[in-house]
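Numbered from 1 within each chain, the chains take letters A, B, ... in sequence-line order.
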There are 2 protein chains.
Amino acid sequence: MQGIAEVSNLGAPPPSDDSLLARIRELVLGGTYSPGEPLSEIFLAQQFDVSRTPVREALKQLEREGLIEIRPKVGTYVREPTKREIVELFQLKEGLEGLAAGLMARRGRTPSLEFLEKNVKASEAAAAARDSERYAQLVHEFHWALVNGSDNTKLVEHYKLLMNQLAFHRLVLKTVENPLRISASSGEHRLVLQMIQDKDHFGAEAAMRNHVYASARELLGGHRDA
Amino acid sequence: MQGIAEVSNLGAPPPSDDSLLARIRELVLGGTYSPGEPLSEIFLAQQFDVSRTPVREALKQLEREGLIEIRPKVGTYVREPTKREIVELFQLKEGLEGLAAGLMARRGRTPSLEFLEKNVKASEAAAAARDSERYAQLVHEFHWALVNGSDNTKLVEHYKLLMNQLAFHRLVLKTVENPLRISASSGEHRLVLQMIQDKDHFGAEAAMRNHVYASARELLGGHRDA
DNA sequence: CCGCTATTCCTTGCATACAAGAACACTACG
DNA sequence: CGTAGTGTTCTTGTATGCAAGGAATAGCGG
């Protein structure tokens with residue numbers, strides 16, 4: 001039995017207690033509502049047994065996150081993201097995760113680094129075992145551990161925002177079950193880890209960006225604008 | 001006489017029409033309220049002749065931007081940012097602006113590039129004339145033009161958020177009036193421009209990051225964590 | 001004089017009533 | 001048959017009333 005956890009989830013996004021916002025977001029992310037579908041305040045209020053006021057606050061935030069569109073005096077709709085936006089988000093992801101890798105590489109031995117080491121080992125095992133589901137989960141944790149390991153709370157916040165926008169399309173986490181890609185991905189993770197261990201912040205950033213780029217390329221179908 | 005502007009402000013942040021939010025933000029940024037000072041909903045509502053509801057929405061957003069702190073059932077206060085947060089924000093700034101420079105360098109000739117060319121020339125003139133006020137304005141425009149020139153709307157959004165948090169401390173825009181630094185800064189701008197003109201996205205990113213780092217170092221007093 | 005307690009006043013949080021605008025359907029007219 | 005006009009009904013936007021909780025203060029007991 002454990003008391004209060006001394007070290008919080010290194011491989012997970014920071015918790016956000018705003019439960020109503022999270023629940024409505026889950027509704028959009030989970031695919032309960034399709035893009036273009038109206039999202040009535042009154043209905044949501046009844047659904048969650050609260051008044052319109054807190055629902056409105058949550059919707060306003062979701063609009064800022066880019067998940068929905070509020071047309072004044074008309075209605076609220078689930079947004080249909082353009083392909084261009086997705087590419088833009090991946091470019092940003094590349095930049096932020098690369099930055100995080102570089103920052104982490106400057107830090108020396110930290111709990112995050114140890115977490116990463118275990119994660120990479122487990123990843124390689126999962127890859128060898130062809131357990132793509134577990135591999136996907138480990139990949140997810142790898143990226144979060146890296147960003148958390150940057151020790152930059154503002155970077156983490158922006159990354160969280162970014163991932164909320166990306167999670168939308170259910171592109172992330174759904175690791176491509178291509179054995180070749182999994183193998184390559186696993187190697188890229190190890191390379192990033194190696195660079196961090198060597199405190200090569202420049203190399204770590206480059207390796208991480210290359211990895212994100214390769215993953216995005218796989219997901220998006222091989223083209224990258226500009 | 002011009003019709004609808006074909007090209008919007010290349011050297012300025014994108015407009016945000018949410019006037020109440022902007023006005024309250026200006027109150028905080030402008031120094032009307034000092035850190036720690038309470039910011040009553042009722043008072044603000046009277047001040048702007050609206051009800052508490054829209055004020056609350058604006059405050060909630062300002063809290064998400066990190067400018068204020070809402071303590072439930074207690075009060076709303078202007079936040080006192082820690083030095084660490086400022087350093088974190090500058091690290092992020094370096095990453096985002098570097099990314100933008102790299103993206104812009106891939107794009108070839110664009111209106112943004114032409115704007116940047118004129119900006120650098122004007123900057124050098126202002127530097128030579130020791131007109132530090134005009135120089136500060138041109139620096140501001142340089143950075144915004146560069147980010148806008150990345151052609152990545154999501155990057156611009158995140159950058160805007162970041163700058164809202166930074167503008168807070170009135171550290172930005174208040175260019176250090178050190179002639180030596182101005183001269184160096186001007187040279188760094190030209191270098192970035194050169195790299196973009198040469199379509200050297202790698203060099204452009206590096207040059208921009210170096211520039212941001214140098215500026216931050218000057219502003220923050222020479223130390224950088226990790 | 002000091003410590004404790006209860007009360008009062010302050011804040012934000014939530015629910016609801018009302019206002020305003022936009023979309024749509026229906027009707028009347030060309 | 002098409003079209004312009006109008007009225008209804010939906011939506012969100014705003015104002016306000018009430019509830020709940022925290023903080024400070026005044027009063028009381030030691």
Side-chain angles (χ1 to χ4, degrees), chain A residues 14-29 32-81 157 164-165 168, chain B residues 14-29 32-81 157 164-165 168:
Chain A
S16 33
D17 44 1
D18 199 336
S19 67
L20 181 63
L21 170 61
R23 285 206 285 174
I24 297 183
R25 189 191 287 119
E26 211 49 46
L27 238 59
V28 176
L29 261 53
T32 306
Y33 292 90
S34 305
E37 205 161 341
L39 211 49
S40 156
E41 289 179 5
I42 303 170
F43 179 75
L44 287 174
Q46 291 172 342
Q47 192 84 355
F48 293 105
D49 198 44
V50 290
S51 83
R52 276 180 55 212
T53 310
V55 170
R56 273 183 65 75
E57 281 183 6
L59 290 179
K60 202 101 188 221
Q61 173 59 15
L62 288 179
E63 184 188 35
R64 290 215 161 78
E65 288 182 11
L67 273 65
I68 64 175
E69 179 188 1
I70 301 175
R71 302 218 319 234
K73 312 271 185 158
V74 176
T76 304
Y77 303 89
V78 176
R79 242 173 68 79
E80 173 74 271
E157 279 175 29
N164 274 345
Q165 295 181 69
F168 195 12
Chain B
S16 34
D17 43 2
D18 200 337
S19 67
L20 181 63
L21 170 61
R23 285 205 285 174
I24 297 182
R25 189 191 287 121
E26 211 49 47
L27 239 60
V28 176
L29 262 52
T32 307
Y33 292 89
S34 305
E37 205 162 341
L39 211 49
S40 155
E41 288 179 6
I42 304 170
F43 178 76
L44 287 172
Q46 290 172 343
Q47 192 84 357
F48 293 105
D49 198 44
V50 291
S51 82
R52 278 179 53 212
T53 309
V55 171
R56 273 184 64 76
E57 281 183 6
L59 289 180
K60 201 101 190 216
Q61 172 60 15
L62 288 180
E63 185 189 34
R64 289 214 162 78
E65 289 181 12
L67 272 66
I68 65 176
E69 179 187 2
I70 301 176
R71 302 219 319 238
K73 312 273 187 158
V74 176
T76 304
Y77 302 89
V78 176
R79 242 172 69 79
E80 172 75 270
E157 280 174 29
N164 274 344
Q165 296 181 67
F168 196 11

Ion pair B:Asp18/B:Arg23, N-O distance below 4.0 Å: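 No, this pair does not count.
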SB check B:Glu57 A:Arg56 (cutoff 4.0 Å):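 Salt bridge between B:Glu57 and A:Arg56, a charged N being under 4.0 Å from a carboxylate O: yes.
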Kindly indicate whether the side chain of [X], heavy atoms from C-beta on, has any atom under 4.5 Å from the side chain of [Y].
X       : Y       : value
A:Tyr77 : A:Leu39 : no
B:Glu80 : B:Glu69 : no
A:Gln61 : B:Gln61 : yes
B:Ile42 : B:Arg52 : yes
A:Leu59 : A:Val55 : yes

Sugar-phosphate only, base, or nothing, as touched by A:Leu20 at under 4.0 Å among non-hydrogen atoms: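 No contact at all - A:Leu20 keeps every heavy atom at 4.0 Å or more from the nucleic acid.
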Sugar-phosphate only, base, or nothing, as touched by B:Leu59 at under 4.0 Å among non-hydrogen atoms: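 Counting heavy atoms under 4.0 Å across all strands, no contact is made by B:Leu59.
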Distance, rounded to the nearest Å, where B:Glu41 contributes CD and C:dT12 contributes P: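 Those two atoms, CD and P, are 4 Å apart.
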Nucleotide interval of DNA chain D bounded by contacts with chain A (heavy-atom cut-off, under 4.0 Å):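 Contacts span D:dT11 to D:dT14, reading 5' to 3'.
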Nucleotides 14-23 of chain C: protein proximity per nucleotide (B base, S sugar-phosphate only, - neither; heavy atom, under 4.0 Å): SBBB--BBS-
A:Arg25 and A:Glu65: CA distance, side-chain angles, deciding distance, side chain to side chain contact (heavy atoms under 4.5 Å, CB included) verdict: CA-CA 10 Å; A:Arg25 189 191 287 119; A:Glu65 288 182 11; 2.6 Å; yes
Phosphate OP1/OP2 of C:dT11 contacted by B:Thr76 side-chain N/O (<4.0 Å):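 False: B:Thr76 side-chain N/O out of range (4.0 Å or more) of C:dT11 OP1/OP2.
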